[in-house]
Amino acid sequence: MAKKIIISIKPDYVKKIIEGTKRYEYRTKAAREDVSSIIIYETYPIKRVVAEAEVIDVLVMSPSDLWKKTSKQGGISKSKFNEYFKGRELAYAYQLGNIKVYEESLSLEDFGMKCAPQSFAYIR
């Protein structure tokens, strides 16, 4: 059964995801298990869980190929993308589908967590 993960994302990128202009969430590593959705933790200064995004697909390829395939809907500049994946042979991107913005944001404690995940954490 597909699982949910929680990911820390900076406020400017969260805004683009919610607006629908950022359809890919880039990562230096991906969950090993199938993921059905990403729970979005908006980092400082918000520090709240604000939304959930459906995962349509997980792309795994070289950074240059990933940029070619996703840049128009990546919501990030080429320089930031290159900086993020510098020195990496593989790059990952979650292709996002429907976004559900929570009416009331939640705390990490609501998910049994004390601190924000560095890359991601599975939600049981």
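What you see is a predicted model; the values in this text were computed from it and never measured.
The shortest distance between side-chain heavy atoms of Y41 and L106 does not fall below 4.5 Å. The shortest distance between side-chain heavy atoms of I39 and V49 falls below 4.5 Å. In this structure, the side chains of Y92 and T28 stay at 4.5 Å or more apart for every pair of heavy atoms. Using a 4.5 Å cut-off on side-chain heavy atoms (C-beta onward), I9 and E25 make contact. For the pair I56 and Y24, the minimum side-chain heavy-atom distance is 4.5 Å or more. Residues L108 and I6 form a side-chain contact, since some pair of their non-hydrogen atoms from C-beta on lies under 4.5 Å apart. Residues I38 and L96 have side chains in contact (heavy-atom distance under 4.5 Å, counting atoms from C-beta outward). You'll find the side chain of Y94 stays beyond 4.5 Å of the side chain of L59, heavy atoms only.
Crowding of D34 atom CG: a count of heavy atoms from other residues, nucleotides or ligands under 6.0 Å not exceeding 12. By the 6.0 Å contact criterion, CD on Q118 is open, its count of non-hydrogen atoms from other residues, nucleotides or ligands being 12 or less. Heavy-atom neighbours of E89 CD from other residues, nucleotides or ligands within 6.0 Å: at or below the threshold of 12.
Here Y13 contributes atom OH and I18 contributes atom CD1; the two are 15.5 Å apart, rounded to the nearest 0.5 Å.
Under a 4.0 Å N-O distance rule, the pair K15/D12 does not qualify as a salt bridge. With salt bridges taken as basic N to acidic carboxylate O contacts below 4.0 Å, one links K3 and E33.
Taking the ring pair (Phe, Tyr, Trp, His ring centres under 6.0 Å) definition, one finds that F81 meets it with Y26, W67, F85, sequence neighbours left out.
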(message) Using the rule given for side chain to side chain contact (heavy atoms under 4.5 Å, CB included), can you reason through I40 versus I7, listing the C-alpha separation, both sets of side-chain angles and the distance that settles it, and then say yes or no?
(response) CA-CA 5 Å; I40 299 170; I7 289 182; over 6 Å; no

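When the options K22, E52, R23, E54 are evaluated for a side-chain contact (heavy atoms from CB on, under 4.5 Å) with I99, the one that passes is R23.
Within the 3.5 Å criterion, the main-chain N or O of S105 finds a donor-acceptor partner in the side chain of R48. The closest donor-acceptor contact from the side chain of N82 to the backbone of S79 lies at 3.5 Å or more, if one exists at all.
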